Amino acid sequence: MQDERGVGRLMASEHTGENDDLGGVSAQAYVQTLMPILAAVTTQIDGPIQRAADLMTESLRANGVIQAFGSGHSEALAMEIAGRAGGLIATNRIALRDLVLLGGEPRELLRSAELERDPQYSRKLYELSAARAGDLFVIASNSGVNGSIVELASVVKEKGHPLIAITSLQHTGGMESRHPSGKKLIDFADVVLDNHAPYGDSVLDLPGGAGKVCAVSSITAALIAQMLVAEVLRRMTDAGETPPVYLSANIPGGDEHNHALEAQYAGRIRRTA
């Protein structure tokens, strides 16, 4: 096992997404490769993280809701922001399945592997979010080029909402847009946060050049989400405000605390499965 000084050296080094010197595919190789990537993500604390937290705090103080969306594995980011113990009450998770659960679309729609690439349903997704003036959107996509993501970002800006994008700058920079406009998620964002995932997301090389494995974007996006929450709460507590935050539903009194605060946003936040 690597000692703490070795981990520190890895965190300080420049990450490349390669594991040539780390012993192939293993748990240790993954952790050692991940550490400098996490360190790179944290270099945004004094820049875009602060700008994003300013926008989020401004929205919450204006009785806004943080609307979070990600398709595919990027939905993990939305789950990290909306309805999470220790997180903000005024948050709503948008998901492609809302089209069926809330929007009356046939359930067969969700069987399509191409749904996240299809822009035609994004306006309906926006309408189902019940967004109001003052709401802010956080949209996550590792590639930032799929049709549903880009179209929703377009609608969000058309409606005048602030937009924070979480993406891999390396990956999106190496892709053509799949949206008819030719634009990408980053083209609509007020603030772009780089999850520092490499092109293709995975970081470890299989033997014999058989491909890369073990993705990182879900982990780095979760780190970004929690840094944002921490900075928003710092601003509110420094101003003497009592921020409305979730307690764990799995501790005594948690449900009562949470439901009382959720009632203030009735019809604006959903906690569906």
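These values consider heavy atoms only, across backbone and side chains, with no hydrogens, waters or symmetry-generated copies. The shown structure was predicted, so the numbers you read here are calculated from the model rather than taken from an experiment.
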Closest non-hydrogen contact found for E231 with A53 is CB-CB, 3.6 Å
So if you build clusters from Ile, Leu, Val, Met, Phe, Trp, Tyr with side-chain heavy-atom gaps below 4.5 Å, do L136 and I224 land together? yes
Give a yes or no answer on whether the side chain of D98 reaches the backbone of A95 with a donor-acceptor pair at less than 3.5 Å. yes
In terms of hydrophobic clusters joined by side-chain contacts under 4.5 Å, are V155 and L96 together? yes
Compare all side-chain heavy atoms of L228 with those of L193 and state whether any distance is below 4.5 angstrom. yes
For Y199, does its backbone N or O pair with a side-chain atom of Q170 as donor and acceptor, under 3.5 Å? yes
Looking at K124 and E127, is there a salt bridge between them, counting it only when a charged N and a carboxylate O are closer than 4.0 Å? no
Are more than 12 heavy atoms, taken from residues, nucleotides or ligands other than E108, located less than 6.0 Å from that residue's CD atom? yes
Hey, quick one: are I49 and L233 part of the same hydrophobic cluster, counting side-chain heavy atoms closer than 4.5 Å, chains of contacts allowed? yes
When you check the side-chain N and O atoms of S181 and H179, is any donor under 3.5 Å from an acceptor? yes
Got a donor-acceptor contact below 3.5 angstrom from the Q50 side chain to the I45 backbone? yes
Shared hydrophobic cluster, I89 / L247 (ILVMFWY, side-chain heavy atoms < 4.5 Å): no
So, for R178 and N146, which heavy atoms are closest and what is the spacing to 0.1 Å? NH1-OD1, 2.9 Å
Is it true that, when you exclude M175 itself, more than 12 heavy atoms of the residues, nucleotides or ligands shown sit nearer than 6.0 Å to its CE? yes
Any side-chain heavy atom of I37 sitting closer than 4.5 Å to one from T220? yes
Are side-chain heavy atoms of I164 and I139 found at a separation under 4.5 Å? no
Pair R117 + E114, salt bridge at N-O below 4.0 Å: yes
E151 and S122: side-chain donor and acceptor closer than 3.5 Å? no
I want to know whether Y126 and H161 have ring centres closer than 6.0 Å. yes
How long is the span from the CD atom in Q67 to the CG atom in L152, to the nearest 0.5 Å? 9.5 Å
Answer yes or no: is there a donor N or O on one side and an acceptor on the other, between the side chain of N195 and the main chain of S217, under 3.5 Å? no
Locate the shortest heavy-atom distance separating P162 from D135; write the atom from each residue and the value. CD-O, 3.5 Å
Taking the side chain as everything from C-beta on, heavy atoms only, tell me whether V232 gets closer than 4.5 Å to L60. yes
Just how far is it from atom CG of L109 to atom CZ of R107, taken to the nearest 0.5 Å? 13.0 Å
Under the 3.5 angstrom rule, does the side chain of Q44 hit a backbone N or O of V41 as a donor-acceptor pair? yes
Can you name the nearest heavy-atom pair linking G72 to E116, along with the distance? N-OE1, 3.7 Å
Using the rule given for side-chain contact (heavy atoms from CB on, under 4.5 Å), can you reason through T167 versus K184, listing the C-alpha separation, both sets of side-chain angles and the distance that settles it, and then say yes or no? CA-CA 10 Å; T167 191; K184 303 177 183 181; over 6 Å; no
Would you say the side-chain atoms of T33 pair up with the backbone N or O of V203, donor to acceptor, closer than 3.5 Å? no
For L55, is there any backbone N or O sitting under 3.5 Å from a side-chain donor or acceptor partner on S59? no
Once you round to the nearest 0.5 Å, how far does CD1 of I219 lie from NE2 of H196? 15.5 Å
Is it true that R123 and E158 make a salt bridge, defined as a side-chain N closer than 4.0 Å to a carboxylate O? yes
K159 side chain to A131 main-chain N or O, any donor-acceptor pair under 3.5 Å? no
Answer yes if M56 and V191 sit in the same cluster of Ile, Leu, Val, Met, Phe, Trp and Tyr residues linked by side chain heavy atoms under 4.5 Å apart, and no otherwise. yes
Residue pair D54, R235: steps toward the side-chain contact (heavy atoms from CB on, under 4.5 Å) verdict: CA-CA 8 Å; D54 283 341; R235 283 158 172 73; 2.8 Å; yes
Please give me the minimum heavy-atom distance between L128 and L102, naming the atom from each residue. CD2-O, 3.8 Å
As an exercise, state the distance from OG of S71 to CD1 of I94, rounded to the nearest 0.5 Å. 12.0 Å
What are the two closest non-hydrogen atoms of S168 and A197, and how far apart are they? OG-O, 2.6 Å
Hey, does the side chain of T43 reach the backbone of A40 with a donor-acceptor pair shorter than 3.5 angstrom? yes
Rounded to the nearest 0.5 Å, what's the gap from CZ on F137 to NZ on K157? Could you check? 10.5 Å
Within the 4.5 Å heavy-atom criterion, are I81 and R84 side-chain neighbours or not? no
Strictly distance-based, threshold 3.5 Å: is any side-chain N or O of D205 a donor or acceptor partner for the main-chain N or O of K212? no
NE2 (H73) and OG (S141) are apart, to the nearest 0.5 Å, by 13.0 Å
Can you tell if the side chain of E105 reaches within under 4.5 Å of the side chain of Y121, non-hydrogen atoms only? yes
Please determine whether side-chain contact (heavy atoms from CB on, under 4.5 Å) holds for the pair N92 and Y265, giving the CA-CA distance in whole Å, both sets of side-chain angles, and the decisive distance to 0.1 Å. CA-CA 10 Å; N92 186 50; Y265 298 93; over 6 Å; no
What residue among D194, V138, N142 forms side chain to side chain contact (heavy atoms under 4.5 Å, CB included) with I166? V138
Is any side-chain heavy atom of R93 closer than 4.5 Å to a side-chain heavy atom of E75? yes
Output, in order, the C-alpha distance, side-chain angles, deciding distance and verdict of side-chain contact (heavy atoms from CB on, under 4.5 Å) for L223 and L38. CA-CA 8 Å; L223 173 60; L38 294 176; 3.9 Å; yes
Within the 4.5 Å heavy-atom criterion, are V156 and F188 side-chain neighbours or not? no
Where do T91 and R271 land on the side-chain hydrogen bond (donor to acceptor under 3.5 Å, both in side chains) test, with the steps shown first? CA-CA 10 Å; T91 51; R271 296 296 179 254; 3.2 Å; yes
